[in-house]
Amino acid sequence: MSSHEITEITIRDDMIRLGQLLKLASLVEDGVEAAGLIRNGMVQVNGEIEERRGRQLHGGDTVTVGGETVRITAP
């Protein structure tokens with residue numbers, strides 16, 4: 001396993017969509033960039049490639065893009 005750190009991202013509600021999380025976590029600049037990364041198989045959710053920009057994410061889920069991983073914490 002790699003030695004990179006996991007950044008915690010707290011969301012307001014109990015769910016956030018993948019495209020929104022990528023922007024919130026500053027992993028992408030905008031929705032167009034998010035869509036491109038997802039379409040090209042460069043985004044993983046919980047260790048598996050995710051192809052749906054609207055995928056619902058909940059507390060405990062992890063998202064990895066370009067070697068950076070974030071874990072969602074929810075209220």
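What's counted below: heavy atoms across the whole structure, side chains too, no hydrogens, waters or symmetry copies. Computed from a predicted structure; not experimentally measured.
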Inset, instruction - Check whether Met42 and Val28 end up in the same hydrophobic cluster, where Ile, Leu, Val, Met, Phe, Trp and Tyr are linked by side-chain heavy atoms less than 4.5 Å apart. - result: yes

Show the nearest heavy-atom pair for residues [X] and [Y], with the distance to one decimal.
X: Arg53; Y: Ala35; value: NH1-CB, 3.9 Å
X: Pro75; Y: Ile11; value: CD-O, 3.3 Å
X: Gly60; Y: Asn46; value: O-OD1, 4.3 Å
X: Thr73; Y: Glu8; value: CG2-OE1, 2.7 Å

Say you draw a straight line from [atom1] of [X] to [atom2] of [Y]; how long is it, rounded to the nearest 0.5 Å?
X: Thr7; Y: Ile72; atom1: OG1; atom2: CD1; answer: 12.5 Å
X: Ile9; Y: Ser26; atom1: CD1; atom2: OG; answer: 7.5 Å
X: Gln56; Y: Met15; atom1: CD; atom2: CE; answer: 4.0 Å
X: Glu51; Y: Ile49; atom1: CD; atom2: CD1; answer: 7.5 Å

Main-chain N/O of [Y] paired with [X] side-chain donor or acceptor, under 3.5 Å:
X: Asn40; Y: Leu37; result: no
X: Asp30; Y: Val32; result: yes
X: Glu68; Y: Val65; result: no
X: Gln20; Y: Ile16; result: no

Inset, instruction - Among Ile6, Leu22, Thr62, Leu27, find the residue that satisfies the side-chain contact (heavy atoms from CB on, under 4.5 Å) test when tested with Val70. - result: Leu27

Inset, instruction - Give the intermediate values and the outcome of side chain to side chain contact (heavy atoms under 4.5 Å, CB included) for residues Leu57 and Leu18. - result: CA-CA 7 Å; Leu57 304 171; Leu18 179 57; 3.9 Å; yes

Inset, instruction - Step by step, work out the side chain to side chain contact (heavy atoms under 4.5 Å, CB included) result for Thr64 and Val43. - result: CA-CA 6 Å; Thr64 304; Val43 177; over 6 Å; no

Inset, instruction - Going by the salt bridge (charged side-chain N to carboxylate O under 4.0 Å, His left out) test, name the single residue among Arg55, Arg39, Arg17 that passes it with Glu50. - result: Arg55

